[in-house]
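Atoms within each ligand, like the ligands themselves, are counted from 1 in listed order.
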Amino acid sequence: MAIGIYIHVPFCLKKCNYCDFVSYPYDADLAASYVYALGKEMSYQLVNMGSEHREVKSIYLGGGTPTVLTGEQLAAILENCRKSYQVADDAEITVECNPGTVNPDKLGRIRKAGANRVSIGVQAYQQELLARLGRIHNWQEVESAVRHSRQAGFDNVSLDLIFGIPGQSMRQWRDTLDRVLALSPQHISAYNLKIEPDTPLHRDVCSGYLIPCDEELELEMYWYVIGFLTGNGFVHYEISNFARPGREARHNLIYWRNEEYLGFGPAAHSMLEGRRFSNVEKVELYINRLNRNESGIQNQQYLSREERISETVFLGLRLIEGLDLDAFKQSYGQSIFEIFAVQLKRLSSLGLVKIEDNRLKLTEKGLPLANEVFAEFI
Ligand code: SF4
């Protein structure tokens, strides 16, 4: 079966106030060494993981901020990937873009190198909210990034949004969605803000400087985005994701369908042939290891049958279409009712899950309580 490839670019110009992803301040020399090490890792994995016969159906350059790299470096990464792997002609190739770090030349270069989708981190329309999040861009740069993407030939543009920001009002959320819709994206991700420990936002909330968004308001924002986007022709296909018909993110579907993928770069995770593994997080350590012709892998484990079953269920439940129960039985030789009889009975009686068209799905009531539902299957 075809796999996906994720490439982690661990650099940002400035750390956002809510971010706990693995990213380091951009440094041109370090970035050049990283790009070189990445090329080595791709050939190393090819030889050592026996993945050379696997076709690649999607590539995703995420981060960090991939677009802090030059257009030439981004193109070199994609070209290395093609050299090492059999990338399908119709593969989805996405580059995450921070609006403050793109220009027409860079976008043109990555389009020419084969990228066919951009995912732009918009987050909010209002400057005060962008500043609260510690984003480096403003709304004008969002509009330019979308316009320049189109001019470069990208006809598949995804925009990322955040709701539930401290101090964000319902009116601001509605305005953000109106503005974003006017940019005619093919895909929108709308995530509620998680205030992660050890972030500046967490410290501001703990000190009382910022007041977290009220839970009811956050829920109201969630119902609003679903109603607004589905009312404007988007398909709500995953808890936090919306797409024009046929423009669902093929790379992310690999994760939610518990399919296989390879990750490259510091902190990147992989899942291949029943084995999960991840790379060292420190970028210098990653570069040193690859320069010594060693693997970047730090942790690996073979998943037990129980772990694979748990993951299949809670990842599948993220999709609005739910989990295909025939496919589940075929994969694991037992029906889901035999394995999770007690849990399913409890969740159904609470109205959080339902069976429809031989699929297990979250109900409308279960959608905002998805994490509580998933915990039942772990
Ligand atoms: S741009 Fe993304 S990865 Fe970088 S600091 Fe901000 S949220 Fe984190």
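Ring pair Phe314/Phe374 is tilted by interplanar angle, where 30° to 60° counts as tilted. Tyr222 and His236 have perpendicular rings, their planes meeting at more than 60° on a 0 to 90° scale where under 30° would count as parallel.
Judged as a ring-ring contact (aromatic ring centres under 6.0 Å, His included), and not counting sequence neighbours, the contacts of Phe377 are Phe340.
Side-chain atoms of Tyr125 and Arg174 include no donor-acceptor pair closer than 3.5 Å.
Residue-and-atom listing of protein N/O/S atoms under 2.8 Å from atom 6 (Fe) of ligand 1, sorted by chain and number: Cys16 SG.
Remark: ligand 1 atoms within the under-4.0 Å shell around heavy atoms of Gly64 are 3 (S).
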Derivation and outcome, ring pair (Phe, Tyr, Trp, His ring centres under 6.0 Å), residues Tyr6 and Phe264: CA-CA 6 Å; Tyr6 173 77; Phe264 299 111; 9.6 Å; no
Verdict with reasoning, Thr94 to Val118, per side chain to side chain contact (heavy atoms under 4.5 Å, CB included): CA-CA 5 Å; Thr94 305; Val118 284; over 6 Å; no
